[in-house]
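So the structure is just underneath, and the comments pick up after that.
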Amino acid sequence: MTAVHHLDGTVIAVTGELDIRTCPRVEEATAVLPVGNKTLHLDLSGVSFMDSMGLNLLLRLRNRIHGSGGHLVLAGVQAQPCAVLRLTEAHALFDITCTTDGLIGSAH
């Protein structure tokens with residue numbers, strides 16, 4: 001996982017799986033971010049698997065960011081995590097982009 005901070009927001013790139021083992025690290029990294037009136041781009045292009053813990057983390061993160069006047073963008077969502085978001089109908093709650101093009105400071 002990498003984080004790049006900018007004046008108007010942050011890009012966090014997550015790789016591997018978003019599950020019970022990795023969610024605490026992602027939560028730790030996002031808990032210290034100033035989110036008021038800023039955008040968090042969560043680059044999930046490297047995430048091949050997400051379970052209910054990952055979904056729960058995304059929902060809590062969304063609520064925290066939106067509650068502070070910020071904005072959460074999920075970028076590069078792969079097939080399996082996308083299926084979880086659609087199956088649970090949570091996809092409608094998120095701003096989802098299929099690519100990582102245009103992310104702040106993105107090397108993609």
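Because only heavy atoms are used, hydrogens play no part in the values below, and waters and symmetry mates are left out as well, while side chains stay in.
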Which atoms form the tightest heavy-atom contact between Val14 and Val47, and what is the distance?
O-CG2, 3.4 Å

Say you draw a straight line from CD1 of Ile65 to CG of Asn37; how long is it, rounded to the nearest 0.5 Å?
12.0 Å

Test side chain to side chain donor-acceptor pair (under 3.5 Å) applied to Asn56 - qualifying residues, sequence neighbours left out
Arg60

Side-chain touch Leu61/Val26, heavy atoms, less than 4.5 angstrom
no

If the condition is side chain to side chain donor-acceptor pair (under 3.5 Å), which residues does Asn63 pass it with, not counting sequence neighbours?
none

Could you check if a side-chain atom of Leu33 sits within less than 4.5 angstrom of a side-chain atom of Ile12, using non-hydrogen atoms only?
yes

Thr10 and Lys38: side chain to side chain contact (heavy atoms under 4.5 Å, CB included), yes or no, with the steps?
CA-CA 8 Å; Thr10 300; Lys38 298 199 183 268; over 6 Å; no

In terms of heavy-atom contacts, Ser48 and Glu17 come closest through OG-CG, 4.3 Å

Suppose we screen for side chain to side chain donor-acceptor pair (under 3.5 Å). Which residues come up paired with Gln78, at least two apart in sequence or across chains?
none

State which residues pass salt bridge (charged side-chain N to carboxylate O under 4.0 Å, His left out) with Arg86; sequence neighbours excluded, sorted by chain then number.
none

Validation row: Leu85, Leu55 side chains within 4.5 angstrom (heavy atoms):
yes

Residues which pass side chain to side chain donor-acceptor pair (under 3.5 Å) with Thr30, listed by chain and number, not counting sequence neighbours
none

From CG (Leu58) to CG (Leu93), nearest 0.5 Å:
10.5 Å

Excluding sequence neighbours, so at least two apart, what forms side-chain contact (heavy atoms from CB on, under 4.5 Å) with Ile20?
Met53

Which other residues end up in the same hydrophobic cluster as Phe49, if Ile, Leu, Val, Met, Phe, Trp and Tyr are linked when side-chain heavy atoms come under 4.5 Å apart?
none

Minimum side-chain heavy-atom gap Leu57-Met50 below 4.5 Å
no

Residues passing the side-chain contact (heavy atoms from CB on, under 4.5 Å) test with Ser68, sequence neighbours excluded, are Val35

